[in-house]
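One structure is given here, and the rest of the page talks about it.
Below, chain A is the first sequence line, B the second, and so on; all start at residue 1.
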Amino acid sequence: MARTFKLTPSGDSRKAHFTIPYAEVLNEQQYAAVTAGSGPHLIVAGAGTGKTRTLVYRVAYLVESGVPPENILLLTFTRRAAREMLMRASDLLDGRCSRVAGGTFHSFCLGILRRYAPVIGFPNGFSILDATDAADVLDVLRTDRGFHRTEKRFPKKNTLQAMFSSVWNRGTPLRDLLEADYPQFIDFEDALRTLAHDYEVYKRRHGLMDYDDLLRRTIELFENHNNIRTSVAAGLRQVLVDEYQDTNAMQARLVRFFASIHNNVTAVGDDAQSIYRFRGADFRNIFDFPKHFPGTEVLKLEHNYRSTQPILDLANHVLSKAHRKYDKELFSEEKDGERPAIVAATDEQEEAAFVAQMMLHLREEGMPLDEMAVLFRSSYNSFELEVELGRRGIPFVKYGGLKLSEAAHVKDVAAYLRVAENVWDAVAWNRVLRLLPGVGPKTAADVIEIVTAQSDDALSDATAQSFPPRIRESAGRLFRLFKTLTADGLHLGRQLEAILDHYDPILEKKHADDFPKRRQDLDHLAGMASAYANRADFLAALALDPIELTALDAEATDDDERPVVLSTIHSAKGLEFDAVFLIRALEGVLPSAYALKDADELDEELRLLYVALTRARTQLFISYPIIQHRRFSGDYLADPSRFIADIPETILEPLQLLRESPSPPELGPHDPG
DNA sequence: AGAAGGTCGTTTTTT
DNA sequence: ACGACCTTCT
């Protein structure tokens, strides 16, 4: 490691003129965190204590203290979070914070790798594989090796992808992972190693990186090329990390690299809100922070400004039931407020009717719709409610459902762009070739072999002529499309037009039933594309920025009233609302059926509930259906979640639904007395 | 042989 | 609504 020599600020910058009255707008603990000096800092912040606000002000403070914005890095959990925080910081300082670098670990690493990829044997224009793409590659390799014809059941593509991803994200050797989580596949250890090796070779050969590669290849780059590590870290005078409790070992490692020159890190997190264990996150990371950064100053934020005391009473009560004890007790300045309510509905439809009707009631009392949120464990938990809201004309957006970028038609269009960007991208080739009539797995594989074997002009006419006669014509048209796309200086919007011309008839044939809806999505996509400077940026955004499908719909409807939010609890992290409805509080849902046998996993489900409850400012409703309709197993009686059973009525108030007979169901007012 | 079409069983959370 | 798997068509 290079020797370092620290310059102390000169007299001038020390007397920086501050335009923001920090001491007046922040409480004492926040002020201490915002104005903390150099060196490593860990801010342990409970839910609703102004964590985001503190980070925003710290960014502004650093800029005002004379740190150039481009030397500050703000790492957040989503790119949306980074954008919002930097916008707020910029508002505080008339735009001066807009040049702060911000984003997710994945997007920041992507930027580094784009620059240095050739150093580790990848093209600058390497493609990014999402989890589905990665699984598809593994499926091809699995078949090539003949593992689909084993006597005993061999793991399927999605399982393989999950297994290999866990090895990296959890830092567990394959053997240990198999013993702990996949004992049924333990005999295949050697075969799995072979497959993992094939996968590495394949990605390198075709210029592909999956999500995990973005992190581990950056680590590899820093480890093997000290000069690159030094030059990147030298430009990062301040590193701020949000949601530190949800980082995994690779991310913690990256933070150490980023801060390895200046040693100025501010990490913010709450161990009680760690909810990404399945992705290798470990809340213990947050306690290891002081070990990794000697001399860490630990600061705390404890005053809750978000929720009323009755809501915090429930949250505290729930958390106290955790296996592992948290020394955490949230207190609010707002002592009054309504008790959270628990509602037992007869079935999912009644639960949906209750939520919809209570929303309309709150709206009549003056609460804006976009100050209400419905939270749930899994994205499909809201299907009945979506129907009900549609019936009543209540606008909504849904976060955490199916992503636009994961829809088949969007992946198809992206595949054309990917081939244009990286002709060796076999995954994209496979996709576009399979769209041609008469092309299945075999023909596609043969064509990919021919194309990727060309060293210079892969898209030449000669290449096209070597294809089987039956696809020569359609492949020729495909090649002409790629010629158009790669022509110099063709605007991205034009490129999408060319793709849609080619793709339209294919889409119409493939999805005759819902062609107009899908076509509309693609028009949105083309509209979004024009905001990007080039193909690579657009493709990166598509791969790393989740674009929710219904969020697009909401923009399109141009309604004057902002919509209600429907969200998975995971996607609601960091958000807050006046009223929160938590639906499907059932055994097998929250906690998930997958988590029932492991104490650590159960604790994570409980923290998930804790996160959901602490999103609420003044109103909190928990509900569950007594009878669940299951499409396959028929109706059955469900048990309320163990986490909310047996809570004293002084903390969680039962709310009886009264139905006016015969129908439609009419609901009683919140407080009948 | 390899593509296309039909049927059955199934759904955690995300970069 | 989607994938895995099986059957039928070219």
To the nearest angstrom, how far is [X] atom [atom1] from [N] atom [atom2]?
X: K509(A); N: dA3(B); atom1: NZ; atom2: C1'; value: 12 Å
X: R434(A); N: dA3(B); atom1: CZ; atom2: P; value: 8 Å
X: N158(A); N: dG3(C); atom1: CG; atom2: P; value: 9 Å
X: K403(A); N: dT15(B); atom1: NZ; atom2: P; value: 5 Å

Return the stacking result for dT13(B) and F278(A): yes when the ring centres lie under 5.5 Å apart and the planes under 30°, no otherwise.
yes

May I ask you to say whether E576(A) pairs ionically with R615(A), meaning some side-chain N is under 4.0 Å from a carboxylate O?
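Result for this pair is no, no salt bridge flagged.
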
Please tell me which of D446(A) and T568(A) maps to the more 5' nucleotide of DNA chain B, matching each residue to the nucleotide holding its nearest heavy atom.
D446(A)

When we call it a touch if two heavy atoms are under 4.0 Å apart, what does S379(A) touch: a base, just sugar-phosphate, or nothing?
sugar-phosphate

Under 4.0 Å between a side-chain N/O of K157(A) and OP1 or OP2 of dA4(C), yes or no?
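Yes, within the criterion.
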
Can the positive tip of R324(A) be found less than 6.0 Å from the middle of the six-membered ring of Y326(A), inside 45° of the ring normal?
yes

With R431(A) as partner, the option from D133(A), D412(A), D136(A) fulfilling side-chain hydrogen bond (donor to acceptor under 3.5 Å, both in side chains) is D412(A)

ring-ring contact (aromatic ring centres under 6.0 Å, His included) for Y182(A) and F188(A)? Distances and angles first, verdict last.
CA-CA 10 Å; Y182(A) 304 92; F188(A) 290 123; over 10 Å; no

